[in-house]
Number of protein chains: 2
Amino acid sequence: MEKKISILLIDDHAMVIEGMKAILQLIPSVQVKATANNAFEAMDTLKQLDIQLCFLDINLPDISGIDLCLKIKKEFPKVHIIGLSTFSQRSYIAQMMQNGASGYLLKSATKEEIEEAITTILAGKLFFNISSLDANHHDKNAPLLTRREKEILILIADGLTNNEIASRLFLSSHTVDSHRKNLFIKFDVNNVALLVKKASQADLL
Amino acid sequence: MEKKISILLIDDHAMVIEGMKAILQLIPSVQVKATANNAFEAMDTLKQLDIQLCFLDINLPDISGIDLCLKIKKEFPKVHIIGLSTFSQRSYIAQMMQNGASGYLLKSATKEEIEEAITTILAGKLFFNISSLDANHHDKNAPLLTRREKEILILIADGLTNNEIASRLFLSSHTVDSHRKNLFIKFDVNNVALLVKKASQADLL
DNA sequence: AAAAAAATCCCGTAAACACGGGAGTTTTAA
DNA sequence: TTAAAACTCCCGTGTTTACGGGATTTTTTT
């Protein structure tokens, strides 16, 4: 028997952590080496321990799992990442994969699916849990936003004016306005009200 | 020692079920008698077994946890129900409580919180996990709106201008503006962006 | 029937937005 | 290394909002 596959669980929901642990204990070839409730803890653990595989929640308290994914992959390219999402968050999976995740699982995944995902990914392949996705996919196609756009979107939704955003981000109000215009185009709207509504529905706020 | 408190876990996320189980095993006074992935299974189990306490997820595949809560309470009024939700779903908690739940827990709850919830509720009281809610809350205390205000709020969030709303509702734009002003006061905001954001978070759209 | 709440309508002004353009620089990806 | 993409900045114009005041008429509640 080779050494067990070392795993790090990253999720802020205690129950999900416990649940994953419980399921992973049933799989002899793996071992949960550590868990993390946020991005900071996660990065810290990766520096300390020799982790092969991360289970990474899409939503984290400090930075989004999607961004963390990118960060992990930059600093620790050899670490494999499996995204965790709920069914309603499935639209973000593509972004996670784009940021270097090797696969994803819904939180409703069974032991067998988890096992399959692990072996597939450790073999260097990508794991797509297609069945669970096609089921209901009338996407809420949230547009892909740039970092700046996300940043400004949130400030807009917080009710700041262009000028306020500009001075907070040390930008010209014209720049803010440009981003705002691009947000309008990407969301296909023509005013803040609809922008905020759609962004909120896409869980972007 | 009395008989253990019999518990039914209702959640479609395998990991949450496993996580709750793992945590509840650490509490000697309780016993997880069964688990259910959906409403149908849940009702079936309640008919078969003598369940004292349900942990019920807000989102279920067949009917919403909120509706199931009502259903359970109608058929089995003596069963206590603790709602389970993620932080982003906290706005639904009020509905769950209204449908007969005795309390709720966030899925990030600790063993101690879970334990406290159980003892509080079994003692016949309601359990409010105030700390986890206040933390970030601006208010999911959605203000009470009049019929007209709700109507206009939705149109505002759809991006209509005062004039457009006015002509759609056969009102003067001044009237619409008055309602808009009242909405601002009730939501304690000073612009549409925040209004829509808060309304969306309060699930009013 | 009286009081309270909701709904309707009016006005003026400064600030902010929506939208049409255009253009240079820096970063990322091919 | 080269082409996109992202980010930055600028302007002018008409529209709409935000917010300060009101007031009157329905409807609901007590």
Side-chain angles (χ1 to χ4, degrees), chain A residues 63-64 66-67 69-75 77 94-101 142-200 204, chain B residues 142-200 204:
Chain A
I63 68 172
S64 86
I66 293 166
D67 294 336
C69 186
L70 192 65
K71 212 173 157 190
I72 292 176
K73 271 296 184 180
K74 260 194 183 152
E75 287 202 43
Q95 293 176 53
M96 196 112 174
M97 303 292 286
Q98 214 162 3
N99 282 357
L144 277 180
L145 302 182
T146 68
R147 213 171 276 173
R148 216 31 157 185
E149 283 165 354
K150 280 182 208 165
E151 197 176 10
I152 287 175
L153 171 59
I154 287 167
L155 295 175
I156 290 174
D158 276 337
L160 303 201
T161 68
N162 283 341
N163 282 320
E164 288 167 338
I165 296 172
S167 69
R168 180 174 299 198
L169 299 183
F170 306 105
L171 292 175
S172 154
S173 67
H174 297 297
T175 306
V176 177
D177 199 51
S178 290
H179 289 300
R180 174 194 288 261
K181 278 190 269 193
N182 288 328
L183 284 166
F184 281 21
I185 291 167
K186 286 193 177 179
F187 278 91
D188 188 28
V189 300
N190 62 338
N191 53 262
V192 216
L194 260 181
L195 175 70
V196 173
K197 186 184 162 192
K198 284 197 174 183
S200 182
L204 252 31
Chain B
L144 278 181
L145 302 183
T146 68
R147 215 170 272 174
R148 214 33 156 185
E149 283 166 352
K150 279 182 208 166
E151 197 176 11
I152 287 174
L153 171 60
I154 286 166
L155 295 175
I156 289 174
D158 277 335
L160 303 201
T161 67
N162 284 341
N163 282 319
E164 288 166 340
I165 296 172
S167 69
R168 181 175 299 198
L169 300 182
F170 306 105
L171 292 175
S172 155
S173 67
H174 298 296
T175 307
V176 177
D177 197 52
S178 290
H179 289 300
R180 173 195 288 259
K181 279 190 268 192
N182 288 328
L183 283 166
F184 279 21
I185 291 168
K186 287 193 177 179
F187 278 91
D188 188 27
V189 298
N190 62 336
N191 52 262
V192 212
L194 259 180
L195 175 71
V196 173
K197 186 184 163 192
K198 284 197 173 184
S200 182
L204 250 30

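- Summarising the local packing, NZ of A:Lys71 is surrounded by 12 or fewer heavy atoms from other residues, nucleotides or ligands at distances under 6.0 Å.
- Atom CG in A:Leu183 sits 12.5 Å away from atom NZ in A:Lys198 (nearest 0.5 Å).
- B:Arg180 pairs by the salt bridge (Lys or Arg N to Asp or Glu O under 4.0 Å) definition with nothing, not counting sequence neighbours.
- Here the side chains of B:Lys186 and B:Thr146 are in contact, with some heavy-atom distance below 4.5 Å.
- Remark: C1' of C:dA29 and CG of A:Leu70 are 14 Å apart, rounded to the nearest angstrom.
- Taking for each of A:Asn163 and B:Phe170 the nucleotide of DNA chain C with the nearest heavy atom, the 5'-most of the two is the partner of B:Phe170.
- Between A:Leu204 and A:Lys150 the shortest side-chain heavy-atom distance does not fall below 4.5 Å.
- For DNA chain D, the span of nucleotides reached by chain B at under 4.0 Å from its heavy atoms goes, 5' to 3', from D:dT16 to D:dG21.
- Between the OG1 atom in B:Thr161 and the CG atom in B:Leu155 there is a gap of 10.5 Å [rounded to 0.5 Å].
- Summarising the geometry, the separation between CG on A:Leu194 and C1' on C:dC17 is reported as 15 Å, rounded to the nearest angstrom.
- In this structure, the NE2 atom of B:His179 is 8 Å from the P atom of C:dC9, given to the nearest Å.
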_Determine whether A:Leu171 and A:Arg148 satisfy the following criterion, side chain to side chain contact (heavy atoms under 4.5 Å, CB included), listing intermediate values before the conclusion._
CA-CA 11 Å; A:Leu171 292 175; A:Arg148 216 31 157 185; 3.4 Å; yes
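- Taking 4.0 angstrom as the limit, A:Asn162 places a side-chain polar atom (N or O) nearer than this to OP1 or OP2 of C:dC17.
- Rounded to an integer number of Å, the gap from CZ of A:Arg180 to P of C:dG20 is 15 Å.
- Rounded to the nearest 0.5 Å, atoms CD1 (B:Ile156) and NZ (A:Lys197) are 12.0 Å apart.
- We find that CD1 of B:Ile165 is positioned 13 Å from P of C:dT8, with the value rounded to whole Å.
- Here side-chain hydrogen bond (donor to acceptor under 3.5 Å, both in side chains) pairs that include residues 167-178 of chain B, with residues two or more places apart or in two chains, are B:Asn162-B:Asp177.
- Atom C1' of nucleotide C:dA16 and atom CG of A:Asn190 are separated by 16 Å, given to the nearest angstrom.
- Inter-residue side-chain proximity for A:Leu169 and A:Ile152 is flagged as met; some heavy-atom pair is nearer than 4.5 Å.
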*Step by step, would you call A:Leu195 with A:Leu153 a side chain to side chain contact (heavy atoms under 4.5 Å, CB included)?*
CA-CA 9 Å; A:Leu195 175 70; A:Leu153 171 59; 3.9 Å; yes
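- Within the 4.5 Å cutoff, no side-chain heavy atoms of B:Asn163 are placed close to those of B:Val176.
- Between B:Phe187 and B:Val196, every side-chain heavy-atom pair lies at or beyond the 4.5 Å cut-off.
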Output a table of nitrogen or oxygen pairs between the protein and nucleotides 10-14 of chain C separated by less than 3.5 Å.
unit_1 : atom_1 : unit_2   : atom_2 : d
C:dC10 : OP2    : B:Ser172 : OG     : 3.2

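- Between A:Cys69 and A:Ala101 the shortest heavy-atom distance is SG-N, 3.6 Å.
- The CG-C1' distance, from B:Leu183 to C:dA7, rounds to 13 Å in whole Å.
- Axis orientation changes by 80° from one end of the helix from C:dA1-D:dT30 to C:dA30-D:dT1 to the other, with each end axis drawn from 5 pairs and the value rounded to 10°.
- Regarding B:Asn182, its CG atom lies at a distance of 10 Å from the C1' atom of C:dA7, rounded to whole Å.
- Contacts of residues 146-158 of chain B with DNA chain D (heavy atom under 4.0 Å): none.
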